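What you see is a predicted model; the values in this text were computed from it and never measured.
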Amino acid sequence: MAPKNLGELFDAFEREAFRLETLADYGKSGNTEAYGAFLAGEPQPSDYNDAWVSELRSHTSRGRRIYRVHILARPLTPYLRFELGWGYTKNMTGGEEFFILDITERPNPLAGVPDFWLMDNLTPGVMRYSDDGAFLGADILPEGRAEEFRTYRDTAMTHAVPFTDWWSKYGE
């Protein structure tokens, strides 16, 4: 049976899960309380994102790869400083890999491509967001659309650099 939502996709993948992020602000999605704490200048709680890191470990400890590319431009938005500074650095402890496609001084090779997950090279899940970064839902596409999203993933990876290299140069 084909997965019907992102949760089912994430529970069912066997080899790899790739995520493309294209927005500069997801501040109305996910952990809004932590984002508020970040904006208030509070320190990162020691248990920040522990549930997600545990989920990551449940996959990466079985040899499954989880990785993402974020397309962004400098200067970073407050949300990107939060996501990269708190989220990426914490999630790396669970084995998730991050890459940055910095378009500050070059054209975006994936202009117009939406946010998506691609599971096991076969099943794309396209994310929908409002203009202010609120998650609206996801559309699970048929495997017949996978080649298009594999091409997007390969293009992203060709132009991206490892997050830790980028962060050591541009992180704040």
Looking only at heavy atoms, what is the nearest atom pair of [X] and [Y], with distance?
{"X": "L23", "Y": "Y26", "result": "N-OH, 3.1 Å"}
{"X": "A34", "Y": "Y48", "result": "CB-CE1, 3.4 Å"}
{"X": "S29", "Y": "G133", "result": "OG-O, 2.6 Å"}
{"X": "P78", "Y": "F38", "result": "O-CE2, 3.6 Å"}
{"X": "V69", "Y": "L101", "result": "CG1-CB, 3.9 Å"}
{"X": "L20", "Y": "P114", "result": "CD2-O, 3.9 Å"}

How are the rings of [X] and [Y] set to each other: parallel, tilted or perpendicular (split at 30° and 60°)?
{"X": "F98", "Y": "F163", "result": "perpendicular"}
{"X": "Y88", "Y": "H70", "result": "tilted"}
{"X": "Y35", "Y": "Y79", "result": "perpendicular"}

Checklist entry - Without hydrogens or angle criteria, can the side chains of N31 and N49 be said to hold a donor-acceptor pair below 3.5 Å? => result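 On atom types as modelled, these side chains do not qualify, holding no pair under 3.5 Å.
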Item to check | Residues R153, E16: salt bridge by 4.0 Å N-O rule | outcome: yes
Next on the checklist: Do L80 and I100 land in one hydrophobic cluster if side-chain heavy atoms of ILVMFWY residues count as linked below 4.5 Å?
Outcome noted: yes
Checklist entry - With hydrophobic residues grouped by side-chain heavy-atom distances under 4.5 Å, do F135 and M119 end up in a single group? => result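 Cluster IDs for F135 and M119 match.
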Checklist entry - Could R64 and F13 be counted as a cation-pi pair, given that NZ or CZ must be under 6.0 Å from the ring centre and within 45° of the axis? => result yes
Item to check | R74 NZ/CZ over Y170 ring centroid, <6.0 Å and within 45° of normal | outcome: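 Yes, a cation-pi geometry.
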Given side chains that start at C-beta, do those of [X] and [Y] come closer than 4.5 Å, heavy atoms only?
{"X": "D102", "Y": "V161", "value": "no"}
{"X": "Y67", "Y": "E96", "value": "no"}
{"X": "R106", "Y": "H159", "value": "yes"}
{"X": "M127", "Y": "L6", "value": "yes"}
{"X": "D25", "Y": "D132", "value": "no"}

Item to check | E21 vs I71, side-chain contact (heavy atoms from CB on, under 4.5 Å): CA-CA, chis, key distance, verdict | outcome: CA-CA 6 Å; E21 294 181 308; I71 300 172; over 6 Å; no
Next on the checklist: Can you confirm whether more than 12 heavy atoms, excluding those of D47, are under 6.0 Å from its CG atom?
Outcome noted: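 Enclosed: over 12 neighbouring heavy atoms sit under 6.0 Å from CG of D47.
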Item to check | CD/E33: more than 12 non-hydrogen atoms of other groups inside 6.0 Å | outcome: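 No - once you tally the heavy atoms of other residues, nucleotides and ligands closer than 6.0 Å, there are 12 at most.
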What is the distance from atom [atom1] of [X] to atom [atom2] of [Y], rounded to the nearest 0.5 Å?
{"X": "F18", "Y": "F99", "atom1": "CZ", "atom2": "CZ", "answer": "9.0 Å"}
{"X": "Y129", "Y": "L136", "atom1": "OH", "atom2": "CG", "answer": "9.0 Å"}
{"X": "L72", "Y": "E83", "atom1": "CG", "atom2": "CD", "answer": "9.0 Å"}
{"X": "L110", "Y": "T155", "atom1": "CG", "atom2": "OG1", "answer": "5.5 Å"}
{"X": "L118", "Y": "R145", "atom1": "CG", "atom2": "CZ", "answer": "12.0 Å"}
{"X": "I66", "Y": "R15", "atom1": "CD1", "atom2": "CZ", "answer": "14.0 Å"}

[Y] backbone acceptor or donor facing [X] side chain under 3.5 Å:
{"X": "S54", "Y": "A51", "answer": "no"}
{"X": "T60", "Y": "G94", "answer": "yes"}
{"X": "N108", "Y": "I103", "answer": "no"}
{"X": "T32", "Y": "K28", "answer": "no"}

Item to check | Test log, rule side-chain contact (heavy atoms from CB on, under 4.5 Å), inputs L141 and T123 | outcome: CA-CA 7 Å; L141 302 181; T123 309; over 6 Å; no
Item to check | is_close_aromatic(W117, F10), centroid dist under 6.0 Å | outcome: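 Ring-ring flag for W117/F10: true, centres closer than 6.0 Å.
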Checklist entry - So W166 and L84, side-chain contact (heavy atoms from CB on, under 4.5 Å) or not? Walk me through it. => result CA-CA 11 Å; W166 186 90; L84 278 58; 3.6 Å; yes
Next on the checklist: Pair D50, K90 - check salt bridge (charged side-chain N to carboxylate O under 4.0 Å, His left out), show working.
Outcome noted: CA-CA 9 Å; D50 278 353; K90 180 70 181 251; 2.9 Å; yes
